[in-house]
Amino acid sequence: MSVETDRTLTDQDAQSAAKPAGPRPPAAPPTAPERPAQPVRPGGPVRPQPPVPRPVGARRFWPRSFADRLTAPLPDVRALLRVVREGSLRPDPATLADIVRLPYAPGPLPEAGPGTVALTWAGHASWVVRIGGLTVLTDPVWSRRILGTPPRVTPPGVAWADLPPVDAVVISHNHYDHLDAPTLRRLPRRTHLFVPAGLGRWCRRRGFTSVTELDWWEAAELAAREGGRVRFEFVPAHHWSRRTLTDTCRSLWGGWVLTRSYPRAEGGRRPEQRVYFAGDTGYGHWFTEIGRRCPGIDVALLPVGAYEPRWMLKPVHTSPEEAVRACADVGARAMAPMHYATFLLSAEPPLAPLERVRAAWAAAGRARGDLWDLPVGASRVLGEAVRSP
């Protein structure tokens, strides 16, 4: 699609940029071009180089709509009427007794130094990721309820008061179960926000002063503790966006690849550690491309819930079986299921996502210890032995 040329604005000319200033800048390609590919070693396979980092906090111009990024049509009026008629977005009441069996085991956050990558599941798509000495929250939702859904069925796995200082937040898209204004209000306004293209204005209007909007395949970086960098790369997803009746697809949607890069390999450690947070997504061709452009993913945080009825939700929400396939497509060593056991957003029984992802993982022949099916509130550290709950 055509995207207006991005421009970095200084604080001094930010106000004047909002005023009419003649013709729009010329169109540019929708994604950042890859840097020239280089072989991993002489005669070895060729892999693309990471994108050149964008300035943190730069203000940019975007098109009015991202609807041409959709990979499937959105439900029409007939589909919505069918949902109302069938009542097909709520679990069978007979299955709700299983809510008490949902895995919930909050514990203390593990120690995490500059060389550690630690993950703690707070519930739904909210993770506490500590990487490169930074604390990063993904799609933080600590509210008891969100617009249009019943209240959460498990509390947040980490009490807000127990969080370390938050350095950065990544947002996958603007749906209420992923972009929660009451939770964001609890953060210092200097917190770095990394958000999809078109969502920066919403964040700045709420007082945040370091908001970085990115298009697919673009990246920005923060300095890691004790040297090196943490790269935040925005990658495609099969989904959509809407927050009101009039802003459908006005901002982009996607996932994030967080990479801890070292200046050089030290003490036998690998030069990079990499986590893929998928956000909300259906299954499709983007996973293979993410694996090609971001090789060496250590763990993929993939959604496994909110998938029934399939006739409606298949284009935008992976089933457990599709999530296992997606993990293979991106080339991740381990998978951490998410997007279940918190809000009951669709018709599958509460325990079905966990039961089905375990079965699909075993059927795929993957090592049991590489499925990080954590209880809400539990943690894992990259490189440690993983035990089945």
Check whether any side-chain heavy atom of [X] sits under 4.5 Å from a side-chain heavy atom of [Y], and report yes or no.
X: Trp286; Y: Thr71; answer: yes
X: Trp127; Y: Met338; answer: yes
X: Leu302; Y: Thr318; answer: no
X: Leu222; Y: Arg229; answer: no
X: Arg356; Y: Glu321; answer: yes
X: Leu252; Y: Trp216; answer: yes
X: Val170; Y: Phe234; answer: no
X: Asp180; Y: Pro182; answer: yes

Say whether, by atom type as modelled, one donor and one acceptor occur between the side chain of [X] and the main chain of [Y] under 3.5 angstrom.
X: Thr191; Y: Ala168; answer: no
X: His317; Y: Gly282; answer: no
X: Ser65; Y: Ala67; answer: yes
X: Arg54; Y: Leu214; answer: no
X: Arg101; Y: Ala97; answer: no
X: Thr138; Y: Ala125; answer: yes
X: Arg260; Y: Gly133; answer: no
X: Arg243; Y: Asn174; answer: yes

Check [Y] with [X], please: is the shortest side-chain N to carboxylate O separation under 4.0 Å?
X: Arg310; Y: Glu322; answer: yes
X: Arg69; Y: Asp215; answer: yes
X: Arg60; Y: Glu218; answer: yes

To the nearest 0.5 Å, how far apart are [atom1] in [X] and [atom2] in [Y]?
X: Thr281; Y: His339; atom1: OG1; atom2: NE2; answer: 10.5 Å
X: Arg85; Y: Leu80; atom1: CZ; atom2: CG; answer: 11.5 Å
X: Leu345; Y: Arg90; atom1: CG; atom2: CZ; answer: 7.5 Å
X: Thr246; Y: Arg242; atom1: OG1; atom2: CZ; answer: 10.0 Å
X: Trp361; Y: Met335; atom1: CH2; atom2: CE; answer: 6.5 Å
X: Arg231; Y: Cys294; atom1: CZ; atom2: SG; answer: 7.5 Å

query: Ring centres of His178 and His239 under 6.0 Å apart?
result: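 So the answer is no for these two rings.
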field: Pair His173 + Trp240: ring centers closer than 6.0 Å
entry: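 No.
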According to a 4.5 Å side-chain heavy-atom criterion applied to Ile, Leu, Val, Met, Phe, Trp and Tyr, with indirect links allowed, do [X] and [Y] form part of one hydrophobic cluster?
X: Tyr104; Y: Val128; result: no
X: Val195; Y: Val275; result: no
X: Ile171; Y: Leu258; result: no
X: Val257; Y: Phe232; result: yes
X: Val129; Y: Leu187; result: no

Connected hydrophobic set around Val77, excluding itself, where side chains approach under 4.5 Å: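 ILVMFWY cluster around Val77 also holds Leu81.
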Return all side-chain donor-acceptor pairs below 3.5 angstrom for residues 148-166, not counting sequence neighbours, or 'none' if the list is empty.
unit_1 : atom_1 : unit_2 : atom_2 : d
Thr149 : OG1    : Ile146 : O      : 3.4
Arg152 : NE     : Thr154 : O      : 2.9
Arg152 : NH1    : Val141 : O      : 3.0
Arg152 : NH1    : Ser143 : O      : 3.1
Thr154 : OG1    : Ala341 : O      : 2.6

Would you tell me whether [X] and [Y] have side-chain atoms, one donor and one acceptor, within less than 3.5 Å of each other?
X: His192; Y: Asp167; answer: no
X: His124; Y: Asp177; answer: yes
X: Asp247; Y: Thr244; answer: yes
X: Ser172; Y: Asp139; answer: yes

Where [X] and [Y] come nearest, the two heavy atoms and their spacing:
X: Trp202; Y: Leu179; value: CZ3-CD1, 3.7 Å
X: Val56; Y: Ala220; value: CG2-CB, 4.2 Å
X: Asp280; Y: Ala237; value: O-CB, 3.7 Å
X: Pro188; Y: Phe208; value: O-CE2, 3.6 Å
X: Ser346; Y: Pro91; value: O-CD, 3.2 Å
X: Ala118; Y: Ala112; value: CB-CB, 4.2 Å

task: Begin from the C-alpha positions of Val235 and Tyr276 and carry the test side chain to side chain contact (heavy atoms under 4.5 Å, CB included) through to its verdict.
output: CA-CA 9 Å; Val235 296; Tyr276 167 47; 3.8 Å; yes
field: Non-neighbouring partners of Arg204 that pass side-chain contact (heavy atoms from CB on, under 4.5 Å), sequence neighbours left out
entry: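 Only Arg59, Val211, Glu213 meet the side-chain contact (heavy atoms from CB on, under 4.5 Å) criterion with Arg204.
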- request: Applying side-chain contact (heavy atoms from CB on, under 4.5 Å), name anything that partners Pro103, two or more places apart in sequence or on another chain.
  value: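 In terms of side-chain contact (heavy atoms from CB on, under 4.5 Å), with neighbours along the sequence ignored, Pro103 is linked to Tyr340, Leu354, Pro375.
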- prompt: Who are the ring-ring contact (aromatic ring centres under 6.0 Å, His included) partners of Tyr307, not counting sequence neighbours?
  reply: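 Counting only residues at least two positions away or on another chain, Tyr307 forms no ring-ring contact (aromatic ring centres under 6.0 Å, His included).
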message: For Glu233 and Thr259: C-alpha separation, side-chain torsions, deciding distance, then whether side chain to side chain contact (heavy atoms under 4.5 Å, CB included) applies.
response: CA-CA 8 Å; Glu233 183 169 355; Thr259 302; 5.8 Å; no
Residue pair Leu89, Leu313: steps toward the side chain to side chain contact (heavy atoms under 4.5 Å, CB included) verdict: CA-CA 10 Å; Leu89 282 180; Leu313 295 175; 4.2 Å; yes
- request: Evaluate side chain to side chain contact (heavy atoms under 4.5 Å, CB included) for Leu371 paired with Arg368, printing each intermediate quantity in order.
  value: CA-CA 6 Å; Leu371 179 64; Arg368 180 64 181 86; 3.7 Å; yes
task: Determine, for Phe66 and Arg250, whether the Lys NZ or Arg CZ falls below 6.0 Å from the six-membered ring centre while staying within 45 degrees of the axis.
output: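 The answer is no, since Arg250 fails at least one limit relative to Phe66.
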Cation-pi check, Arg325 onto Phe287 ring (under 6.0 Å, within 45° of axis):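 Relative to the ring axis of Phe287, which defines the angle, Arg325 lies outside at least one limit.
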message: For the CZ atom on Arg206, are there more than 12 heavy atoms of other groups (residues, nucleotides or ligands in this structure) within a distance under 6.0 Å?
response: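 Check passes, neighbour count above 12.
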message: If the condition is side-chain hydrogen bond (donor to acceptor under 3.5 Å, both in side chains), which residues does Glu86 pass it with, not counting sequence neighbours?
response: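 Residues passing side-chain hydrogen bond (donor to acceptor under 3.5 Å, both in side chains) with Glu86: Arg82.
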